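Reading through the structure tokens given below for one structure.
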Amino acid sequence: MKRFMPLLAAATLAATPLFAQDDDWETTGLTDDAITIGVMGPFSGNASSYSKALIGMMAFYEKVNEEGGIHGRKLVAVQEDTACDSAKGLAAAKKLISQDEVFMLQGNSCSGVALALRPTIEEAGLPWIVAHAVSDSISDPLVRNIFHGVPTGRANGRAMAAFVLSKPETSNVAIIEHSNDWAHSYSNPAREYLTENGVTPSIELTMERGQTDATAQVQKIRQEKPDFIIAALYEAETAIFLRDLKKYGMGDIPVMGTAGTDLENTLKRTGDFDTVRNYYVIHSYVDNLDGPLMQPWGDMIHKYYPDEELSTFSFVSIGSAEALVAALKAVGPDLTRSKLMAALEEVRDFDTGILSDAITWTPEDHQGVKGSAVAGFVDGEPTVLKAWSQPY
């Protein structure tokens, strides 16, 4: 069941703003009939497929608005394109904060961009819910105004390694990754979990973004004969790596991928089921994309965006939007930025009905989602798993 802690009234009355702002700052972006929300994401460029996460989130805003809004106010999204580029992202954030004067921020794909934005948003002090990017460093160290509404890299990395080791007799694990912070946000916690369970990776390799051939890495992996491979790669490079694994006769080795990839999208990129039949990805949801538990969310997206093609990314930001709406409702009509942040810190065990783990934010921890399921092809069908051969 969805739960919201009943301490909000006392908490909001007692809360003192962390930032020395005046009353005008507290209600910037707020009118009697609207709450403006800055939504940043890669609406263009090579990473534009990630913008589906923001489309799903904004569809939820539309649903809330159609149902009457929140205490008479509608959620108004003000979009800015980051193109998954830090410089463009910083310009977008500054525009939303200083020129558009939004009440809060929600969204953000591309961890590198989100990390580049953190100092500016932290200084500005307005609430920011990170609804897609996963790097732990976006919300850790803790600051009052930044909240993570999806599993972070640490949560996902440990879940990846746990799934790998749940396969019986797995002791030889290889790792291939990009050299950026995004990849490390998955691979380092995975290494940590492996080490805690007595497993040291037999080989660790780098494949950079933009590489179009993985032959060298695959040949090195072949020498080690791993039981499982952890791949912290974006979708394009994942498809290349899987194709080369198959090409050199190693398609039977299971590969564990990150939330930066999508099971169905990877199949589309490779164009060959045999290439992806042993590929597994972190799956944040309670069901398959076309499963009965996900259908209402897909129907919701198509109601407001009829031409939108659904993917795993389409749903990932909706859960944090649900938690936001619960917090806004709990504050009541006398809304301020500080009261909203205090309300977000009272969210406990919030079952979104879509994410595979609940959201909990506290004054000491703003990383709200601690676990994740895994998706893979079982008997040719996408299946959500708790562990190896264990359906969710």
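Note that this is a predicted model, so its numbers are computed, not measured.
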message: Can you tell me how the ring of Tyr280 sits relative to the ring of Phe163, calling it parallel under 30°, perpendicular over 60° and tilted otherwise?
response: tilted
query: Between Trp25 (side chain) and Leu126 (backbone), is there a donor-acceptor pair under 3.5 Å?
result: no
- request: Please find out if less than 6.0 Å separates the ring center of Trp361 from that of Phe350.
  value: no
query: Ignoring hydrogens and geometry, is there a side-chain-to-backbone donor-acceptor pair from His302 to Glu308 under 3.5 Å?
result: yes
- prompt: Are any of the side-chain nitrogens in Lys74 or Asp33 under 4.0 Å away from the carboxylate oxygens of its partner?
  reply: no
Residue Asn46 excluded, over 12 heavy atoms near CG under 6.0 Å: no
Residues Asp81 and Ser44: side-chain donor-acceptor under 3.5 angstrom: yes
Ignoring hydrogens and angles, write down the donor-acceptor pairs under 3.5 Å from the side chains of residues 377-392, residues two or more places apart or on other chains.
{"unit_1": "Thr383", "atom_1": "OG1", "unit_2": "Glu381", "atom_2": "O", "d": "3.0"}
{"unit_1": "Tyr392", "atom_1": "OH", "unit_2": "Ser356", "atom_2": "O", "d": "3.0"}

task: Kindly indicate, with the supporting measurements, whether the criterion salt bridge (Lys or Arg N to Asp or Glu O under 4.0 Å) is fulfilled by Lys268 and Glu309.
output: CA-CA 13 Å; Lys268 289 179 183 177; Glu309 183 178 353; 2.6 Å; yes
message: Working note: Lys303 + Glu66, criterion salt bridge (Lys or Arg N to Asp or Glu O under 4.0 Å); need CA distance, chi angles, decisive distance, verdict.
response: CA-CA 11 Å; Lys303 179 176 181 179; Glu66 190 174 291; 2.6 Å; yes
- request: Find the distance between CG (Leu267) and CG (Asp274) and round it off to the nearest 0.5 Å.
  value: 11.0 Å
query: Going by the angle between their ring planes, with limits at 30° and 60°, are Phe60 and Trp297 parallel, tilted or perpendicular?
result: tilted
field: Check against salt bridge (Lys or Arg N to Asp or Glu O under 4.0 Å), Arg209 and Glu237
entry: CA-CA 7 Å; Arg209 291 189 66 183; Glu237 292 77 19; 5.2 Å; no
message: Using a 6.0 Å cut-off, check whether atom NZ of Lys246 has over 12 heavy atoms from anything other than its own residue.
response: yes
- request: Using the side-chain hydrogen bond (donor to acceptor under 3.5 Å, both in side chains) rule, take Glu208 and Ser179 through it: C-alpha gap first, then chi angles, then the decisive distance, then the call.
  value: CA-CA 7 Å; Glu208 296 296 0; Ser179 62; 2.7 Å; yes
- request: Please step through salt bridge (Lys or Arg N to Asp or Glu O under 4.0 Å) for the pair Lys339 and Asp334, ending with a clear verdict.
  value: CA-CA 9 Å; Lys339 287 181 180 180; Asp334 187 19; 2.8 Å; yes
